[in-house]
Structures are given as C-alpha cells and as structure tokens.
Amino acid sequence: MSEKITITFPDGNKKEIDKGISGLELASQISKSLAKESVAIKLNNQIKDICLPINSDASVAILKRDNEETLELIRHDCAHVMAEAVQELYPGTQVTIGPAIENGFYYDFARNEPFTISDLPKIEKKMHEIIQRNESFIREVWSKDKAIKYFKDKGENYKVELINDLPSNEEITIYKQGNWLDLCRGPHMVSTKQIGKAFKLMKVAGAYWRGDSSNTMLTRIYGTAWATEKELEQHLSQIEEAEKRDHRKLGKEMDLFHFQEEAPGAVFWHPKGWTLFQSLINYMRSRQDKAGYVETNTPDMMDKSLWETSGHWDKFSDMMFRTEAKDDKIYAIKPMNCPGAVEIFKQGLKSYRDLPFLLSEFGKVHRYEPSGALHGLMRVRAFTQDDAHIFCTEDQITEESKIVCDLILSIYKDFGFENVKIKFSDRPEKRVGDDAVWDKAEAALKQAMEATGLEYTFNPGEGAFYGPKLEFVLRDAIGRDWQCGTLQVDLNLPGRLGATYIGEDGNKKTPVMLHRALFGSLERFTGILIEHYAGHLPLWLSPLQVMIATITSDTNDYALLVKNKLIKEGIKAEVDLRNEKIGYKIREHSNSKIPVIIAVGKKESQEKTVSVRRIGSTKTKTFKLDEITTSLSSEVKSPIE
RNA sequence: GCCGCAGUAACUCAGGGGUAGAGUAACUCAUUGGUAAUGAGUAAGCCGGCAGUUCGAAUCUGCCCUGUGGCACCA
C-alpha cells in the first residue's frame, strides 16, 4: 500500500492522497474538466509545474489559465516560444535570458546583425505556429557537465556562462518544448497551446549582457502577453492613452516650450509655458515662506577650487560643464546649489540660536547628462530646482526631516497626488566621509522616518555621495510612478566647506545640512503635470484661463468689455475676434486646451450675459456677467490663496 | 555613452537615382455665422550637416549632429 500525504486546499478542505501524485492527477481526481483547464499548481504558496509529484503534506491550489497568478507563466512561456521562433527563423542566433516582466516579457538574443521592427511580424507568425503545434513543456534535471556540454556544442556561449555561474548546489533544469529546449528554472504551463493568442511583439532594443555597460550589447525583443485578447486590447489602448498625454506632444500643441539642436537638453520656454512655470514657483515660494524658509540666490559659475573642496570635482567632474574667460581660471557651472548655500551660511557668525536655518533657492543647475538619457522635460541638462538647505544640529535632524515630509505630502496633495511612496537610500560605493559619520547620518534619518510613521522601502547603496537620502515617488492619474522630491542628510559638506556655528557651550561646531527639493526639477515637474492632467491644467495653473470668442463682429465691443472685466478680477483672458465661425473657434481653442471658452453673440450682448463652455464638456451654461466673474475668480485662485 | 529607428514647407506626414507632394496653418478675397473644421485663391522647402559614388543624389554609401525606443547612467 502506498504512503499517504495530506494536502490542504485554499478553502481549507483537506484530502489524503498517495504520495508522489502529480498536480494534474490530483486535478483529474476532482474533475475531468478541471484537469483540462489546469495549467499549474501553487504548492505551499509557490507556483510549480503541474506535472511535478507532490511528495509531502502541503497546501495546494490548482491554477487555471484565467487565474491572475497564471499571467506570469503565460508571459514566461511566451518568451520561450519567441526564442524558439527566433532560432527557427534565424539560425546562429544565441539565446541568453528571457524573463516575464510587467505587462509582458522579453528575450535577449546575441546575433551579429541586430533585429529590426520589420522582423517582428515574421517572428510573431512563427510563434503562433509553435503555439498551434501544442508542444508540451517537459522539465528535465541535468547534471552540470551534461548541460555545459550540450550548450557548448550548440555554440550557446551565454548559456554556458550562466550555468558556470550557478551555485553548485542548485539543480540545473531544462525545459523542452518539441525539439527546442532552454536552460530555465521554470515553472511552465503544460503546453504551448495554453499561451493563447493574446500577445504581441512590441519593440526591439539594445540591452547589455547582464545589465553591465562594459559587456556586449545584445538585441532585446519586447512583447506583451495577456490571458485574453480583451486584456491585450485594453493594454494597447492604455499605451495609446499615454501617448496622447505625452508632454512633448502637448507642449507643442499648447505652445508651452520647444527644444532645438543648438541646445540639447535645454528648454526654450514660450510665454505660456513660462507663465505655468512661474505659477509653480510662486506657489512653492509661498508655501516655503510660510514654512519659515528664506530665499537666496547663488552664482551660476564658481571657481573649480570650490568644487574640489566640496568633493564634486572628484566625484562628478565628468558630468559638469566648465568654462573659462580671459583669466586662467576654470569655472564650473553649478551642477548643484549646495556649496553656494554653505557659503551664504558661512557669512557672519552663526549661533546655535540661529538653527535651524532654512535657506531656499530656485537655482538653475547644469549637468552633462548622457545623450541617451535626454527625454523632453523629464530629463534635461539644464533645470531649475526648488532647492533648500536646512542647517541644523544633529538633535534637530529628526524634527526637521519630519517637517519636510509633512510639507512634501501636503504640497503633492494640492496637485492631486495622493499616492506617494518613500524610498530610503543608504551609503553608495562612491562617497565622501568616514563610515562613523555615515552610521550617524543613516541612523538619524531612520529615526526621523520612524517619527513620521510613514511607510518606506529600502534602497541599499543608492544614497548621495555625501549622505543618505529619502526619495518621494508619486503616482499620476494613469498609474505611472515619478520620482520627484528628495531629502538628504549631509554630515560631510558643511565640514568640508568650513561651515561652523557657536554652540551653547561657546565652542565652534559643524552644522548638519539637510538638502531637500520638493518638486525636484521644476522642468520635470511641469512635464509630469502636463501628462497627469493630460493637458487639462486646473484653472489656477492654466497660462490662459478664458478665451472669449465672438460669434459676429457686431459683438466685438461687448467681448472686449467682458475681457476687461475678467482681467480686472485677475483672470487671464483673451479675445478671439477673428472672422471665423464659432464652431471653428471652439474647435481650435478646445484643441489648445483652454479651460474656459466664452461665446458672445447678439443675445449675450443684449442681455449682458455670457455663454460658458468648459474644457472636456460640450455643454454650455449661461451666466450673468457679474456671476461668471465671481464664480471664476474663486476657481482661479491657487491653493495657497 | 551603447544598440536600433528617424530627420522632407510653420505643423502632421507621404514619396524616393532624372524640375519636390498632400492636409492643416499663414497670406489675399468673398462670407457675419449660435458651440469641435465656410468657400475660393496665393505664396511657401539647400529633403539635418559634411564628404563620397554617379552624367545626375533629397533618394545609394560613410562620418557627424539632433531627436526617438530601449540599455547603461541619474549627486
């Protein structure tokens, strides 16, 4: 008689079964249809192949294809099928790795001639073929020697490297589908047919072997895969939606800014864009004033020696712009505002009574970002930070950090960002200062985080070169994450640059400096807002709030009267008196995302009313002239008023 | 920086070894109209830059610049 084991189902039911029975056999004991639909099992909370024997008491859930957790298997299987398709179509191509990722999968190939998008339809077609072949995924355990010999003979050098690097105690598993096989940890579904049809190859890209830029570059093919074709379509339309929101496209349509060849990574702000930019600065300035900051401004260029003292030259000179004039000096264009802030702090004797000392600066910094990193407003070489440096004692770190966290979250809320994540980064490899100082700084920041009670995740080795940091990541209206604010504890720079204050005991002490930026880069934040609001900026941020469009030229005078009335109320209004039909005007101003369009014709001018149409709506509402000004003037106020 | 793709009128894009194309915008004229495109006409381009191949290059080749999708980077 065979040995029995006890398994527990998700609903709590238990069952005695023969030891060694596979998930599939178990499923078929329950029902034939279940066995047919099952693709994998979850054994003690880990997804496993359904054909593997169950050898001890365990909790077991049988996964069907429509299970949410199966999606990862579909994607991973899809990656294998793609690799098979590629090797069938392009012999001599080496396979490397191909994981499931968010929304899909990729596979990295090594091939002399890289793939281009025009290859994708062919590969996709072959994949459908392989899926139709209904090849079973068969798991085999191989010895290391056998695996190395096999892949070496096939010329799969990358796989050989992977196997060589596997820990010796790790089982080497191979997954076969038809005549093709791959080194793989698994798990996989039962056969290729279960992948279905809801996948699409999306793009090709270069990617370094093992993510290291000193290694060869491979060709990566990205695909997206879903359980159903409906989900695939949804995903594709989401991508379309994101493209519609692209701030580079909207920025052009809304006449906010442009870039040009002569200034890569630097923004030309047009009048409307600059108005928006200034609205953000005014908002932030007011919030900071109320929080006790004093605003400063420091030189854009300073002698190289200052940057040597601060440590920037040593760590980041590759990323710094430098310039010279007739004298022999080399000036660096500032990549950060902190040394300037320290120099201001150093003027005059400071006492412990002056601390915390909060210096803010809307400083424009220049960094030579790698060319491939540039991306619209999101990643530029010249940008404005809403920067501030808080000089304080070690004892004040916790309290001051807590205040900064509260301020950031409250500010993000004003823009509709309620979902904010915090990341904690500690000492990087490339850094200044003793480990003892780092211990202290990291402990203080941690303590501050405990004090706020906010949740955070840990990001080892990602700190600034002078101190540990917090990063604030906000989620936009379509679920994308953007890193914006930062708070850094710095026990190094003030000392390096010779900042001191007189302590309670009459002795000179070195202050702690907290670096913090809330929007981060104003340029980038503007880009995020454009995408977050899909160009439909809230009234208070809109550079042009109201367009008054006439229906016939008889009402020009009345339109100007309305405009003047609005402008007196502090509302940004313009008139459109052109000899065009009202439908034409409405269309044009709607396309350029003007939040309020007022149409005035004979009726309005006689009755002293206005017909108001808000962006995103096709309805119109008639207001008395007095009423519209009062209703709008409250809405155009920024959250700080 | 690396790999791929792209650069043609102000904008969006088609074309492609033999006089450069469309739609929109602009300008002119007519039209004064009721909530997402009134009609007609006019003008507009060193086809990103530099070399090469060719009788001839916007088109083919090479290099460079810029953008773009990724990778790497992001104090």
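Note on naming: letters A, B, ... go to the chains in the order of the sequence lines (proteins, then strands), and numbering restarts at 1 for each one. What you see below is based on every heavy atom in this structure, not just the backbone, and it leaves out hydrogens, waters and symmetry mates.
Distance, A:Arg111 CZ to B:rC3 C1': 14 Å, rounded to whole Å. Residue A:Ile221 contributes atom CD1, which lies 14 Å from atom P of B:rG4 at whole-angstrom precision. A:Asp576 has its CG atom 14 Å from the C1' atom of B:rA37, to the nearest Å. Here the P atom of nucleotide B:rG34 and the CD1 atom of A:Ile597 are 17 Å apart, to the nearest Å. The separation between A:Lys619 atom NZ and B:rA36 atom P is 14 Å, rounded to whole Å. The CG atom of A:Leu577 sits 18 Å away from the P atom of B:rU32 (whole-angstrom rounding). Atoms CD1 (A:Ile117) and P (B:rC5) sit 9 Å apart, rounded to a whole Å. Look at CD1 on A:Ile582: it is 10 Å from P on B:rG34, rounded to the nearest Å.
Nucleic acid contact for A:Glu604: base, since at least one base atom lies under 4.0 Å from a heavy atom of the residue. Across all strands shown, A:Gly601 has heavy atoms under 4.0 Å from base atoms, whether or not it also approaches the sugar-phosphate.
Here A:Ala382 pairs with A:Ala266, A:Lys364, A:His366 under the side-chain contact (heavy atoms from CB on, under 4.5 Å) rule; sequence neighbours left out. Looking at residues two or more places apart in sequence or on another chain, you find a side-chain contact (heavy atoms from CB on, under 4.5 Å) between A:Arg431 and A:Arg427, A:Pro428, A:Asp435, A:Trp438. Residues forming a ring pair (Phe, Tyr, Trp, His ring centres under 6.0 Å) with A:Phe268 (at least two apart in sequence, or on another chain): A:His258. Scanning for side-chain contact (heavy atoms from CB on, under 4.5 Å) contacts around A:Ser213 gives A:Tyr208, with sequence neighbours left out. Remark: A:Glu400 pairs with no residue by the side chain to side chain donor-acceptor pair (under 3.5 Å) rule, at least two apart or across chains.
Comparing the P positions of B:rG69 and B:rC13 gives an interatomic distance of 14 Å, to the nearest angstrom. Across the C1' atoms, B:rA58 and B:rG1 are found 31 Å apart, a figure rounded to whole Å. For the C1' atom pair drawn from B:rA37 and B:rG45, the interatomic distance equals 26 Å after rounding to whole Å. For the P atoms, the distance linking B:rU24 with B:rC65 amounts to 38 Å, nearest Å. Nucleotides B:rG49 and B:rA57, compared at atom C1', are 15 Å apart to the nearest Å. Across the C1' atoms, B:rA22 and B:rC47 are found 15 Å apart, a figure rounded to whole Å. B:rU68 sits 41 Å from B:rU35 when the P atoms are compared, rounded to a whole Å. Comparing the P positions of B:rC63 and B:rA25 gives an interatomic distance of 42 Å, to the nearest angstrom.
Among the nucleotides B:rU12, B:rU35, B:rG33, the one closest to any side-chain atom of A:Lys252 is B:rU12.
For RNA chain B, if you chain together Watson-Crick or G-U pairs that step i with j, i+1 with j-1 and so on, the runs of at least three with distances under 3.5 Å are B:1-7 with B:65-71, B:10-13 with B:21-24, B:26-30 with B:38-42, B:48-52 with B:60-64.
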Per-nucleotide protein contact string for nucleotides 24-30 of chain B, where B marks a base within reach and S marks sugar-phosphate only (heavy atoms under 4.0 Å, - for neither) | -S-----

Expected string for nucleotides 62-75 of chain B under the B/S/- scheme (protein heavy atoms, under 4.0 Å, primed atoms plus P, OP1, OP2 as sugar-phosphate) is ---SSSSBBBBBBB

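Between A:Trp307 and A:Pro335 there is a side-chain heavy-atom pair separated by less than 4.5 Å.
Below the 3.5 angstrom threshold, one finds no donor paired with an acceptor across the side chain of A:Thr620 and the base of B:rU35. Side-chain atoms of A:Ser611 and base atoms of B:rU35 include a donor and an acceptor less than 3.5 Å apart.
Between A:Phe257 and A:Trp269, the ring-plane angle classifies as perpendicular under the 30° and 60° cut-offs. Ring-plane geometry between A:His389 and A:Phe391 is classed as tilted, the angle between the planes lying from 30 to 60 degrees on a 0 to 90 degree scale.
With RNA chain B read from its 5' end, the first of the two nearest nucleotides for A:Thr219 and A:Val612 is the one closest to A:Thr219.
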Show me, pair by pair, the donor-acceptor contacts under 3.5 angstrom made by side chains of residues 605-613 of chain A, not counting sequence neighbours?
unit_1: A:Ser605; atom_1: OG; unit_2: A:Lys602; atom_2: O; d: 3.2
unit_1: A:Lys608; atom_1: NZ; unit_2: A:Ser605; atom_2: O; d: 2.9

Per-pair distances, 0.1 Å, donor-acceptor, side chain in residues 372-381 of chain A, under 3.5 Å, sequence neighbours excluded:
unit_1: A:Arg379; atom_1: NE; unit_2: A:Glu369; atom_2: OE1; d: 3.3
unit_1: A:Arg379; atom_1: NH2; unit_2: A:Glu369; atom_2: OE1; d: 2.8
unit_1: A:Arg381; atom_1: NE; unit_2: A:Glu369; atom_2: O; d: 2.9
unit_1: A:Arg381; atom_1: NH2; unit_2: A:Glu369; atom_2: O; d: 2.9

Which atom pairs, one a donor and one an acceptor, fall under 3.5 Å between side chains of residues 519-526 of chain A and the rest of the protein, sequence neighbours left out?
unit_1: A:Ser521; atom_1: OG; unit_2: A:Glu523; atom_2: N; d: 3.3
unit_1: A:Ser521; atom_1: OG; unit_2: A:Arg524; atom_2: N; d: 3.0
unit_1: A:Glu523; atom_1: OE1; unit_2: A:Thr384; atom_2: N; d: 2.7
unit_1: A:Glu523; atom_1: OE2; unit_2: A:Thr384; atom_2: N; d: 3.4
unit_1: A:Glu523; atom_1: OE2; unit_2: A:Thr384; atom_2: OG1; d: 3.1
unit_1: A:Arg524; atom_1: NE; unit_2: A:Gln483; atom_2: O; d: 3.2
unit_1: A:Arg524; atom_1: NH2; unit_2: A:Gln483; atom_2: O; d: 2.9
unit_1: A:Thr526; atom_1: OG1; unit_2: A:Leu522; atom_2: O; d: 2.6

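In summary, of the residues considered (A:Ile571, A:Val600, A:Ile548, A:Ile598), a side chain to side chain contact (heavy atoms under 4.5 Å, CB included) with A:Lys563 occurs for A:Ile548 alone.
Within the structure, ring-ring contact (aromatic ring centres under 6.0 Å, His included) pairs that include any residue of residues 575-624 of chain A do not occur (at least two apart or interchain).
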